[in-house]
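Just below is one structure, and these are the notes that go with it.
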Amino acid sequence: MSADRLHLDDHIAALEAPQGLKTVLTVIAATCARISDVVAGGALVGALGASGQINVQDEEQKKLDVITDDMLTQALLACPAIAGVASEEKDQVEPASNPAGEYLALFDPLDGSSNIDINAPVGTIVSVLKSATPTPVEADFLQTGRHQVAAVYAVYGPQTMLVLTTGDGVKGFTLSNDGQWLLTHDAITISPDTKEFAINVSNQRHWAEPVQRYLDGLLQGAEGPRGKNFNMRWVAAMVADVHRILMRGGVFLYPWDKREPNKPGKLRLMYEGNPMAFLVEQAGGKATTDGVQPILDVQPTGLHQRIPVALGSANEIDAFASA
């Protein structure tokens, strides 16, 4: 199989991109392959359960949150092209001691970690930006998503897949049994129309009226205003729900919630919103905060800024915006 399919290393080597970016992508891919082994080990390697620590998001960390954060942090800070990193699990940025470092990496080391103990899909999400200085501070990371030079996620499920863009479409690679990333999805595109949606319906009563109205239309099916039946899918891990959309279309919604009215949303702009929006737009979909405002145009005000999210099949996002 490996002889017949393009290797990720060969794809990266052929990119029309600076060598530094190629090095960063190679390090990310290699670390995700190692994380896949740790996740697969689960209880056998003592990696399940809570760590007893609380992260900057005031969330209980799983053991694997800590393990994978350390793995990515150490690997990227050792990469000569990296000037600094930021993680969803840490309060502050970590500058590297690389005088030639020209890139910044921001990551959610294990998205959907609440799924770990039930053996459901989880993943790693990484955003790559150019650095204006080899000694970056927090302000240097606060660039809009349009400035991303690469976005990558790995999803750890029945197969481990790595999906990436450098601004020229989206490709997917599957991890082989001998630890090689092989091209299995050459040009990923999102169908503009769909009959699938992903949203946590149990929170419906807490959403703004337009969001509730949109969902009511979906649930009424063929007899309602939409004139067709929809199916709901919800994995409770953004990386898995977005992966499904990239593979077969759909929409993913995580709207504002009146239980915490001062918070614009739940998901993190820098670690989840921007990289996923970059991938979705590159695949022909739309990625917005409210059906209209592109996520990639949101000006960050802090490392852990939260946003509402509505992304996926373009025509369905337009229908959401007009609800």
Side-chain angles (χ1 to χ4, degrees), residues 1-15 17 19-48 62-82 85 87-89 103 105-113 115-116 119-128 150-166 170-186 188 237-240 242-243 246-247 271 275-276 279:
M1 179 176 66
S2 61
D4 300 327
R5 294 187 181 276
L6 180 70
H7 290 229
L8 176 59
D9 287 346
D10 295 328
H11 169 69
I12 291 174
L15 288 173
Q19 184 57 46
L21 179 58
K22 296 180 181 182
T23 302
V24 172
L25 292 174
T26 299
V27 169
I28 293 170
T31 308
C32 287
R34 291 171 49 221
I35 290 174
S36 179
D37 286 339
V38 175
V39 171
L44 297 175
V45 295
L48 299 187
K62 300 292 187 178
K63 291 178 182 177
L64 275 172
D65 285 320
V66 178
I67 293 169
T68 55
D69 181 63
D70 288 345
M71 291 172 70
L72 270 170
T73 299
Q74 292 172 14
L76 286 165
L77 288 179
C79 174
I82 285 290
V85 302
S87 168
E88 180 178 306
E89 299 298 329
Y103 293 96
L106 304 92
F107 51 84
D108 181 350
L110 202 65
D111 182 71
S113 58
N115 283 341
I116 291 169
N119 200 21
V122 294
T124 297
I125 310 172
V126 187
S127 169
V128 183
V152 181
Y153 73 75
V155 59
Y156 313 114
Q159 304 89 40
T160 293
M161 277 193 64
L162 184 141
V163 178
L164 72 87
T165 186
T166 55
V170 180
K171 294 185 183 295
F173 297 80
T174 299
L175 191 64
S176 67
N177 290 334
D178 58 354
Q180 300 180 74
W181 294 107
L182 304 177
L183 181 67
T184 50
H185 298 74
D186 187 34
I188 297 173
M238 185 189 191
V239 67
V242 172
H243 183 67
L246 284 165
M247 293 297 102
Y271 310 108
M276 289 309 201
L279 286 156

Sequence neighbours excluded, the answer for ring-ring contact (aromatic ring centres under 6.0 Å, His included) partners of Tyr103 is none
Distance-minimising heavy-atom pair for Ala29 and Leu162: CA-CD1, 3.9 Å
Distance col, row Leu64:CG vs Asp69:CG, nearest 0.5 angstrom, shows 12.0 Å
Spacing of Thr166 atom OG1 and Leu25 atom CG [to the nearest 0.5 Å]: 7.5 Å
Minimum heavy-atom distance Arg5-Thr184, with the two atoms named: NH1-CA, 3.9 Å
When rounded to the nearest 0.5 angstrom, what is the spacing between OG1 in Thr174 and CD in Gln159? 6.5 Å
dist Thr23:OG1 -> Gln19:CD (nearest 0.5 Å) comes out at 4.5 Å
CA sep, side-chain torsions, deciding dist, call: Leu279, Val163, side chain to side chain contact (heavy atoms under 4.5 Å, CB included): CA-CA 8 Å; Leu279 286 156; Val163 178; 4.1 Å; yes
Once you measure the plane-to-plane angle for His11 and Phe173, does it fall in the parallel (<30°), tilted (30-60°) or perpendicular (>60°) bin? tilted
For the CD1 atom of Ile67 and the CZ atom of Arg34, what is their distance to the nearest 0.5 Å? 11.5 Å
Heavy-atom closest pair, residues Ser36 and Thr160: OG-OG1, 2.7 Å
All salt bridge (charged side-chain N to carboxylate O under 4.0 Å, His left out) counterparts of Lys22, not counting sequence neighbours: none
Could you check Glu88 against Asp111 for side chain to side chain contact (heavy atoms under 4.5 Å, CB included), going step by step and ending with a plain yes or no? CA-CA 10 Å; Glu88 180 178 306; Asp111 182 71; 5.6 Å; no
Please name the pair of heavy atoms, one in Ala33 and one in Leu175, separated by the smallest distance, quoted to 0.1 Å. CB-CD1, 4.0 Å
Candidate pair Tyr156 and Ile35, rule side chain to side chain contact (heavy atoms under 4.5 Å, CB included), full reasoning: CA-CA 9 Å; Tyr156 313 114; Ile35 290 174; 3.4 Å; yes
Asp9 meets the side-chain hydrogen bond (donor to acceptor under 3.5 Å, both in side chains) criterion, sequence neighbours left out, with none
Neighbour count above 12 (heavy atom, 6.0 Å) for Asp70 CG: yes
Between atom CG of Leu110 and atom CE of Met71, what is the distance when rounded to the nearest 0.5 Å? 10.5 Å
Applying side chain to side chain contact (heavy atoms under 4.5 Å, CB included) to Glu89 and Val66, what does each step give before you reach the verdict? CA-CA 8 Å; Glu89 299 298 329; Val66 178; over 6 Å; no
